[in-house]
Amino acid sequence: MSRPRVRFAPSPTGYLHVGGARTALFNWLYARHEGGIFVLRIEDTDLERSSDEMVAGILDGMKWLGLDWDEGPEVGGAHGPYFQSERLDRYRDAAERLVASGHAYYCYCNPDEIKAKREAAEREGKTWSYDRTCANLAPEDVAARERAGQPRAIRFRMPEGRTSYDDVVHGTIEFDNAVIEDFVVLRSDRQPTYHLSVVVDDIDMAITDVVRGDDHISNTPKQVLLYQAFGARVPRFAHVPLILGPDKRRLSKRHGATSVMEYERQGFLPEAMFNFLALLGWSPGDDRELFTREELVAAFTLDGIASSNAVFNPEKLEWFNQQHLARLSGDEITSRIEPVLREMGAWDDELRGARREWFHQVIELLKPRAKKIRDLAEQGRYFFIDPDGYEEAAVKKHLSAPGLSPQLAAWGEALAAVEPFTPAAIEAALRASAESQGIKAAALIHATRIAVTGQGVSPSVFDVVALVGRERTVARLAKLREALSGGATL
RNA sequence: GUCCCCAUCGUCCAGAGGCCCAGGACGUGGCCCUUUCAAGGCCAAAACACGGGUUCGAAUCCCGUUGGGGACGCCA
């Protein structure tokens with residue numbers, strides 16, 4: 001098969017939403033798998049709703065996910081321009097060509113009257129479609145209206161018969177043309193409608209495969225007819241299922257986060273989002289779930305696309321994030337966590353230098369407990385900064401035993417002499433200290449954890465102590481004893 | 001209202017006539033590991049919407065019902 005050309009054509013709403021991202025992802029994956037071309041086109045026909053910032057919002061989302069485009073904004077290409085707002089002349093010419101060839105006609109009807117009729121019908125629970133008043137106007141009528149300077153739209157003349165096309169995911173889909181009215185292709189203000197602009201653009205951009213949302217299925221016959229009217233080759237269509245919210249309704253703002261950048265803000269990894277989205281409505285045909293970007297490119301084919309809608313499951317996204325996080329190397333995590341640590345005032349350039357090995361060990365310890373990069377920083381704060389207080393519930397639960405302070409003093413002394421300062425040696429020393437004092441090791445374990453981390457929860461206290469280091473641990477134990485005797489800081 | 005699409009565990013998927021009294025994953029419950037919390041391992045509960053066909057045989061094919069979604073604009 002020769003190189004396919006596919007496209008993603010969002011309208012600039014200011015952000016890339018999850019559904020759009022998934023559609024873009026499928027297109028990208030397909031292009032990359034087949035060695036084809038991925039085109040990005042901005043459908044900014046609606047000038048009032050478009051701006052540079054809005055376009056930037058979309059591009060940011062694409063870039064974050066790593067969906068690079070071969071032709072489009074910022075990179076150009078031989079089939080541009082890639083903004084519909086710069087292509088208006090093309091649409092006007094195309095519409096006039098349709099009139100000339102008899103596939104369309106001028107319509108002088110008043111939009112307000114049409115709207116009124118439509119609404120009246122709707123109130124009775126019926127449908128009203130355009131009555132073709134202008135479909136067969138006599139030449140002199142047309143001339144008269146033109147002379148009067150009446151505004152005119154251009155309508156497509158629906159032929160008799162049926163229109164069908166082969167959908168890659170749904171098979172053959174057929175419509176009776178009678179259910180489709182003579183739709184407007186060019187408005188009276190000379191602006192094209194969606195159907196005209198997509199078709200003209202897809203022809204101009206030599207798009208071979210249209211991969212888009214299910215919601216376009218019923219639009220497709222209109223577009224197929226337009227291709228035919230233009231004498232162009234009809235592309236292959238693949239309509240992918242929609243992404244639904246938990247209430248099974250189309251995903252929208254009221255379902256919470258729908259912008260992919262919102263997930264970035266929440267600390268999700270782009271590779272996790274990528275993996276998760278790829279599996280919403282597509283499957284490799286077996287039970288594999290964890291994929292890298294490269295593995296997905298290798299595995300992706302259009303026939304793995306499902307035909308039924310999918311519900312967005314945030315819990316599974318979290319799981320993917322955790323899995324991808326666990327697979328990140330120490331250096332990869334370092335570069336992503338740096339901004340978070342800076343924000344906390346816990347960053348030190350040495351973490352990349354002299355303390356790099358140490359830092360990687362800290363990360364390994366924290367990793368299995370973290371779902372997000374931010375968790376790593378927040379849950380491991382005590383590795384970088386002395387705790388400034390003790391978690392109340394933990395104190396209540398583990399520090400109320402009488403005589404704890406002298407016991408901690410003895411343990412502190414023993415710890416100061418542990419050699420080598422490894423988790424195993426530290427554990428042995430702690431157990432020995434507990435035994436010689438006739439108390440449970442657990443008492444010292446919990447107290448040490450609180451002293452060193454300020455928290456009731458942490459990785460194995462022996463690992464933590466080994467990494468926090470002898471000096472800081474001894475100091476923190478002493479500080480806890482102070483607090484115990486003072487009582488106030490607890 | 002008309003037209004179109006869809007229908008396997010709560011959710012995401014596997015299953016393209018016998019391999020299925022249906023498999024994996026998330027989530028849920030339990031156990032192991034661990035004197036914390038996770039991670040990990042093991043186990044469990046959990047689905048072929050319903051009714052008719054076709055066939056020796058149907059989750060898989062056909063028809064209908066029901067349910068869900070989408071489209072019907074001088075919006076995209």
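Numbered from 1 within each chain, the chains take letters A, B, ... in sequence-line order.
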Taking only side-chain nitrogens and oxygens of [X], does any of them come within less than 4.0 Å of OP1 or OP2 of [N]?
{"X": "A:Arg152", "N": "B:rC74", "result": "no"}
{"X": "A:Arg431", "N": "B:rU35", "result": "yes"}
{"X": "A:Arg41", "N": "B:rA76", "result": "no"}
{"X": "A:Ser129", "N": "B:rU2", "result": "no"}
{"X": "A:Arg187", "N": "B:rC75", "result": "yes"}
{"X": "A:His216", "N": "B:rA71", "result": "no"}
{"X": "A:Arg449", "N": "B:rU36", "result": "no"}
{"X": "A:Arg249", "N": "B:rG69", "result": "yes"}

Give me the distance, rounded to whole Å, that separates [N] from [M] when you measure between the [atom1] atoms they each carry.
{"N": "B:rU11", "M": "B:rA45", "atom1": "C1'", "answer": "16 Å"}
{"N": "B:rA22", "M": "B:rA59", "atom1": "P", "answer": "11 Å"}
{"N": "B:rA58", "M": "B:rA49", "atom1": "P", "answer": "16 Å"}
{"N": "B:rU34", "M": "B:rA47", "atom1": "P", "answer": "36 Å"}
{"N": "B:rG10", "M": "B:rU28", "atom1": "C1'", "answer": "9 Å"}
{"N": "B:rC13", "M": "B:rC4", "atom1": "C1'", "answer": "25 Å"}

Of the listed nucleotides [options], the one nearest the side chain of [X]:
{"X": "A:Arg250", "options": "B:rC74, B:rG1, B:rA71", "answer": "B:rA71"}
{"X": "A:Ser308", "options": "B:rC6, B:rU35, B:rG69", "answer": "B:rC6"}
{"X": "A:Leu280", "options": "B:rC12, B:rA39, B:rA14", "answer": "B:rC12"}
{"X": "A:Thr45", "options": "B:rC74, B:rA76, B:rG24", "answer": "B:rA76"}

Calculate the interatomic distance between [X] atom [atom1] and [N] atom [atom2]; express it in whole Å.
{"X": "A:Ile180", "N": "B:rG73", "atom1": "CD1", "atom2": "P", "result": "11 Å"}
{"X": "A:Trp319", "N": "B:rU11", "atom1": "CH2", "atom2": "C1'", "result": "14 Å"}
{"X": "A:Lys440", "N": "B:rU35", "atom1": "NZ", "atom2": "P", "result": "13 Å"}
{"X": "A:Asp214", "N": "B:rC5", "atom1": "CG", "atom2": "P", "result": "10 Å"}
{"X": "A:Asp176", "N": "B:rA71", "atom1": "CG", "atom2": "C1'", "result": "16 Å"}
{"X": "A:Asn309", "N": "B:rU11", "atom1": "CG", "atom2": "P", "result": "13 Å"}
{"X": "A:Asn219", "N": "B:rU2", "atom1": "CG", "atom2": "P", "result": "20 Å"}
{"X": "A:Phe175", "N": "B:rA71", "atom1": "CZ", "atom2": "C1'", "result": "8 Å"}

So what does [X] hit on the nucleic acid, given a heavy-atom distance under 4.0 Å: a base, only sugar-phosphate, or nothing?
{"X": "A:Glu289", "value": "base"}
{"X": "A:Arg118", "value": "sugar-phosphate"}
{"X": "A:Ser458", "value": "base"}
{"X": "A:Ala310", "value": "sugar-phosphate"}
{"X": "A:Gln379", "value": "nothing"}
{"X": "A:Leu279", "value": "sugar-phosphate"}
{"X": "A:Ser283", "value": "sugar-phosphate"}
{"X": "A:Ser460", "value": "base"}
{"X": "A:Gly213", "value": "nothing"}
{"X": "A:Glu181", "value": "sugar-phosphate"}
{"X": "A:Pro459", "value": "base"}
{"X": "A:Gln323", "value": "sugar-phosphate"}

### Query
Looking at B:rA25, does its base get a donor-acceptor pair with the side chain of A:Lys316 below 3.5 Å?
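Result: at least one qualifying N/O pair found.
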### Query
Between the base of B:rC74 and the side chain of A:Ser188, is there any donor-acceptor pair under 3.5 Å?
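Donor-acceptor pair under 3.5 Å: yes.
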### Task
Measure the shortest side-chain to side-chain distance between A:Val224 and A:Phe175 over non-hydrogen atoms and say whether it is less than 4.5 angstrom.
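When only atoms from C-beta onward are counted, A:Phe175 and A:Val224 do not touch, as no gap falls below 4.5 Å.
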Below 4.0 angstrom, N of the basic side chain to O of the carboxylate: do [X] and [Y] qualify?
{"X": "A:Asp375", "Y": "A:Arg369", "value": "no"}
{"X": "A:Asp286", "Y": "A:Arg288", "value": "yes"}
{"X": "A:Glu332", "Y": "A:Lys367", "value": "no"}
{"X": "A:Arg132", "Y": "A:Glu181", "value": "no"}

Between [X] and [Y], is the ring centre distance below 6.0 Å?
{"X": "A:His216", "Y": "A:Tyr194", "answer": "yes"}
{"X": "A:Phe312", "Y": "A:Phe276", "answer": "yes"}
{"X": "A:Trp282", "Y": "A:Phe26", "answer": "no"}
{"X": "A:Phe237", "Y": "A:Tyr165", "answer": "yes"}

#### Entry: B:rA44: pairing nucleotide in any strand, Watson-Crick or G-U under 3.5 angstrom
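B:rU28 - that is the nucleotide pairing with B:rA44, both distances being under 3.5 Å.
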